[in-house]
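Letters go in sequence order (proteins before strands), and every chain restarts at 1.
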Amino acid sequence: MDTLGSLVNQFNLIVRKFWDPRRKTPARSTEICQFLYGDEYFSSMMANRRAVATPEQNWTTRQLEVLQEALSSDDYEYRIPAGDNRHLSLVRRGLMYLTLGQGRLRFPSPLHRLILSYKIHKTGRKFNPDEFPVFLETVISHMDFKLIQRSLSRHSLGGVVYESVSDGIQ
Amino acid sequence: MEFNRAAMRTVSGTHRCFPDVGYACGAKGYLDFYINSDLCWGVELARECHGEELKEHVGRFSPSVGKYRKIPLNAKVVLNFVTETHYQQHPTVMDLEWKVVYGGGNFSRVGLVRMNAGTKEEGRLDLIQSVSSTACSGIHYI
């Protein structure tokens, strides 16, 4: 009841201060927060908010790698590879949650996942002109070895192989 | 297709990977893949090529007579995908060629062989399917 009572009191205070019809401009949410929490708390809260708003500036390469891996799956959950500790810094920063017991990382919501994927797309890895070998190595490491195997096996047999209908190729 | 998918995943920002580039630049042939913007990288793919066939692929980049001479390129490569058996039979590596050697059970191992300043360099990308995108950090040329 105490909590409810204090909430009601706060609400009444806000209504009295900010819903005054004599005000020329509508109250902003930041103004309400400043009123509720005081100047010192408010300034630290705003500083944190700014830090969260542009997290990509502080992302390390490893954090970017984990995020890119997690975003490459369709779901907003991501199974952590065994023995991989790179995700812990992301959990500490609050960008992802760790589902204990299942070994899965989870974005706070599908919307978080969407925003992060947009940010990753914007601030993702940009190659310099002299990084051609690095680019090639990365691309080769991303290629599906099963498709390569099938392609090379077919080629070594003269290119004439009738595959099953389930593969979509006759 | 698989190269295109992997390249699109790798490049970002203003860069894009375009397949079959050549006509717009007035070239007579079609380069397999081209990364645009300030990079201007050209990639030609080959499959178990050696001898004259491989020379023909590399010759396409020749600045005087090559099919792709009109395409502006800062860097170029012929990626030759081969099996370990094929590499043992044809170990020679040409300039501009990168041999991508697949081996092991179920192609679980992949190696890279290329020429650098006249000497052959070999690198390994072990267990590519389990390390996925982080594999590139594990390459060590010997």
Side-chain angles (χ1 to χ4, degrees), chain A residues 56 60-73 78-87 117-159 168-169, chain B residues 1-15 17 33 35 37-43 45 47-49 74-77 79 81-86 98 100 102 104 106-112 114 116 121 123 125 127-139 141:
Chain A
E56 66 271 21
T60 62
T61 314
R62 291 194 145 202
Q63 286 173 345
L64 272 172
E65 277 176 10
V66 177
L67 268 176
Q68 276 170 334
E69 271 179 46
L71 290 166
S72 66
S73 66
Y78 166 64
R79 182 177 285 281
I80 309 159
D84 190 349
N85 293 324
R86 291 170 304 148
H87 62 277
S117 61
Y118 174 71
K119 283 185 173 175
I120 284 269
H121 179 74
K122 275 193 76 179
T123 61
R125 174 108 199 237
K126 289 180 178 62
F127 286 95
N128 295 321
D130 57 345
E131 286 185 316
F132 191 43
V134 180
F135 165 76
L136 288 174
E137 286 159 6
T138 313
V139 171
I140 290 164
S141 70
H142 284 164
M143 289 173 79
D144 187 347
F145 70 100
K146 282 183 184 169
L147 290 175
I148 307 287
Q149 182 184 22
R150 197 164 73 164
S151 174
L152 286 178
S153 308
R154 201 162 58 174
H155 184 255
S156 59
L157 289 170
I169 304 164
Chain B
M1 279 305 290
E2 184 55 16
F3 182 90
N4 196 25
R5 187 196 63 78
M8 286 301 286
R9 188 180 157 187
T10 307
V11 295
S12 61
T14 54
H15 305 133
C17 180
F33 292 100
I35 289 88
S37 191
D38 55 336
L39 299 178
C40 299
W41 292 340
V43 181
L45 301 185
R47 193 166 52 174
E48 297 199 323
C49 276
N74 291 336
K76 48 213 170 190
V77 73
L79 281 185
F81 291 86
V82 298
T83 57
E84 223 165 20
T85 321
H86 185 276
W98 273 43
V100 187
Y102 282 85
N106 290 326
F107 279 46
S108 56
R109 213 170 49 230
V110 61
L112 299 170
R114 65 175 180 175
N116 189 14
E121 288 184 329
L125 276 168
L127 297 170
I128 197 164
Q129 79 280 22
S130 63
V131 286
S132 183
S133 60
T134 57
C136 58
S137 59
I139 297 179
Y141 286 99

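- Scanning for side-chain contact (heavy atoms from CB on, under 4.5 Å) contacts around Leu147(A) gives Asp144(A), Arg150(A), Glu2(B), with sequence neighbours left out.
- Separating the CZ atom in Phe132(A) from the CD1 atom in Ile35(B) is a distance of 6.5 Å, to the nearest 0.5 Å.
- In terms of heavy-atom proximity, Val139(A) sits nearest to Ala7(B) at CG2-CA, 3.8 Å.
- Between the CE atom in Met143(A) and the CZ atom in Phe81(B) there is a gap of 4.0 Å [rounded to 0.5 Å].
- Only the side chain of Val43(B) comes within contact range of chain A, with at least one heavy atom under 4.5 Å from a heavy atom of that chain.
- Note: Phe135(A) and Phe3(B) have perpendicular aromatic rings, judged against thresholds of 30 and 60 degrees for the angle between ring planes.
- No side-chain heavy atom of Leu136(A) sits less than 4.5 Å from a side-chain heavy atom of Leu112(B).
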